[in-house]
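Below, read A as the first sequence line, B as the second, and so on, with proteins coming before strands; counting in each chain starts at 1.
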Amino acid sequence: MSRFTVEVHDGGAGVESLAGAEPLTIALPKGRLLPPSVRVLSSVGVDCSSVSESSRKLVFASGDGRTKFVVVRPGDVPTYVEYGAADLGVAGKDVLLEGQRDVCELLDLEFGACRMVLAARKGEERIRINGYPSVVRVATKFPVIAASYFRSEGIHAEIVKVSGAAEIAPAAGLSNVIVDIVATGKTLRENDMVVLDNILTSTARLIANRASFRLKHDRIEALVSGLRESLLNRGETGEGLAR
Amino acid sequence: MMSHPVPGSRYYLPAEAKRKREIESRLTGTFETWGYDEVIPPTLMFAGFSGAAENAGLDEKAYRLVDRQGNLLTLRADLTIPVAHLAASLLDTQSPLRLYYLGNVFRAEEPGTGRQEEFFQAGVELIGAGGVAADLELTVLAVEALKNTGLDSFRVGIGDVSVVEGLLDGAGADPRAKDRARAALSSRNYVEYRQTVQPLSPASPVQELLLGIPSMQGGSEILRRISSAVHLGVEARKPLADLAEVYRALCDHGLEDHVYLDLSIMRGFRYYTGLVLEGYVPGLGHPVVGGGRYDRLLSQFGKDAPAAGFAINVDLLLTVPQRQARAELS
């Protein structure tokens with residue numbers, strides 16, 4: 001552990017006193033990242049027992065009243081955090097890069113690993129080497145990331161935003177290639193797609209609102225230190241913190 | 001004809017307009033009590049009339065239009081740069097200059113972000129004065145101005161961008177690593193910041209300080225850490241000592257409930273050169289005040305003079321009572 005772990009105490013002009021009694025609000029992503037988020041937070045003593053995805057409720061309070069949770073679509077987590085509707089949030093790096101929200105990125109939680117890839121239909125895998133058509137059409141849920149990737153490659157691309165299932169776009173004639181998230185690669189294989197390039201690797205991140213990071217610093221810092229320590233231990237023992 | 005307001009802009013209804021006027025007159029009243037004189041810069045500027053806007057990251061957000069001669073113009077995206085421009089021509093007759101402004105600024109945002117694109121700022125510029133005394137004056141004025149609007153629970157954090165600069169030099173960072181570290185800090189990406197700093201002079205006291213920058217927030221305990229770091233003999237010694245002196249003086253002024261030390265504040269690092277400040281109000285997700293020292297800005301207008309200032313977001317202050325009322329209800 002770094003010696004710079006901040007001890008949780010009120011040091012003279014502690015900024016904590018202002019918001020000390022208020023609960024910490026954490027925005028959690030629905031779906032794939034929810035169970036590991038809950039496990040990781042519970043492992044450092046955050047009472048997440050009230051959080052459940054099956055219920056229709058989307059706002060939960062912990063039994064001890066110290067924490068509140070809002071469970072929202074993964075892409076909305078940074079939005080809740082930027083506006084201070086939540087103090088903290090768990091969001092994939094892919095979502096952060098796509099959303100360009102003004103938040104503090106505090107910690108790599110190391111779970112939810114996935115790759116953002118460029119993919120094409122089998123039989124067209126040489127499109128990148130042999131040369132794209134004069135305008136390559138790209139179907140993606142991540143237009144910001146896709147546009148910046150093609151800009152950096154120096155390729156003129158027309159980005160078509162889809163809300164999901166980008167892998168069917170080339171077969172349907174909507175696009176030449178796709179930019180999409182791959183966790184296991186199963187979906188791509190089943191749709192006869194092959195990976196042409198890795199754009200980035202993403203993991204879940206703990207993010208904070210700019211003001212909360214200051215006004216609720218002591219609680220947030222204690223949480224971050226705890227999480228950092230358990231991630232380190234996990235690295236040393238090889239045990240999964242959030243398997 | 002489009003009959004709705006342009007997204008990102010708004011109407012102020014009578015009750016809001018009245019409250020806005022009240023807040024503004026309290027702010028400008030405070031500035032005047034402190035000996036600051038009002039200036040009113042123009043709304044339209046020639047595009048690229050200084051590199052300063054670009055350095056502040058404001059250039060890409062500027063609204064652009066073309067005048068009848070075909071010149072590219074921008075709507076002002078901030079007031080510091082036009083006021084600094086004006087001050088450069090006044091400095092020959094008077095120094096230091098104490099100027100304040102009140103006006104709207106325009107910043108283009110991506111659709112759907114919900115960010116206001118036209119909003120009002122009230123701020124001051126202290127030009128031709130540097131050092132601890134000027135930094136102290138600026139911080140005290142920021143606190144007093146907020147207090148006089150009727151706000152009582154708020155915190156103004158002070159830091160210094162040259163501390164990280166000096167620590168990075170002390171750790172032997174090459175220019176690329178320095179740029180990466182500073183860019184990560186100012187975009188508040190502390191994951192990337194730590195990754196950048198991790199390989200620099202491992203396990204040295206300087207590296208420990210660098211790793212600790214994002215969490216160096218607080219009062220007396222941070223002051224103690226800063227004071228002991230002063231003996232490290234790195235380039236950051238002077239700004240750390242000055243920052244500690246400003247903080248102690250603020251406490252002597254009885255402001256310890258409203259100020260704290262915060263080395264994580266970076267703002268736009270290319271623009272700021274020394275002290276930086278940001279003010280936060282519980283329940284508001286964005287800082288209500290931001291500013292600092294930009295000693296290189298005047299040189300863009302042919303003058304070599306220290307300068308510092310801050311801007312208060314009037315629209316954000318306008319939302320305070322509603323928010324607090326809602327918090328009490330829930």
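Other residues, nucleotides and ligands contribute at most 12 non-hydrogen atoms within 6.0 Å of the OH atom of A/Y80. Counting heavy atoms of neighbouring residues, nucleotides and ligands inside a 6.0 Å radius, atom NZ of A/K141 does not exceed 12 of them. Within a 6.0 Å sphere centred on CZ of B/R10, heavy atoms belonging to other residues, nucleotides or ligands number more than 12. Around atom NZ of A/K68, no more than 12 heavy atoms belonging to other residues, nucleotides or ligands sit under 6.0 Å away.
Closest approach of B/G285 and A/R210 over heavy atoms only: O-CB, 4.1 Å. Across every non-hydrogen atom of B/P214 and A/H217, the tightest pair is O-CE1, 4.1 Å.
Annotation: side chain of B/E192 is not in contact with side chain of A/E105 (no heavy-atom distance under 4.5 Å). The shortest distance between side-chain heavy atoms of A/R214 and B/Q217 falls below 4.5 Å.
At a 4.5 Å heavy-atom cutoff, the contact between A/R101 and chain B is made by backbone and side-chain atoms alike. With a 4.5 angstrom heavy-atom cutoff, B/S187 touches chain A only via backbone atoms. If you measure heavy-atom distances from A/V103 to chain B, the contacts under 4.5 Å come from the backbone alone.
Among the candidates A/D108, A/V224, A/D102, A/L206, the residue making the largest number of heavy-atom pairs closer than 4.5 Å to chain B is A/D102. Note on A/N209, A/L107, A/D87, A/T79: by heavy-atom pairs under 4.5 Å with chain B, the leading option is A/N209. Ranked by heavy-atom pairs under 4.5 Å with chain A, the first of B/V191, B/L223, B/I265, B/D262 is B/V191.
With ring centers used as reference points, B/Y190 lies under 6.0 Å from A/F213. Residues A/Y83 and B/H286 bring their aromatic ring centres within 6.0 Å.
Atom CG in B/N189 sits 11.5 Å away from atom CD1 in A/I207 (nearest 0.5 Å). Atom CD1 of residue A/I220 and atom OG of residue B/S215 lie 12.0 Å apart, to the nearest 0.5 angstrom.
B/R115 and A/E82 are joined by a salt bridge, as a carboxylate oxygen and a charged side-chain nitrogen come within less than 4.0 angstrom of each other.
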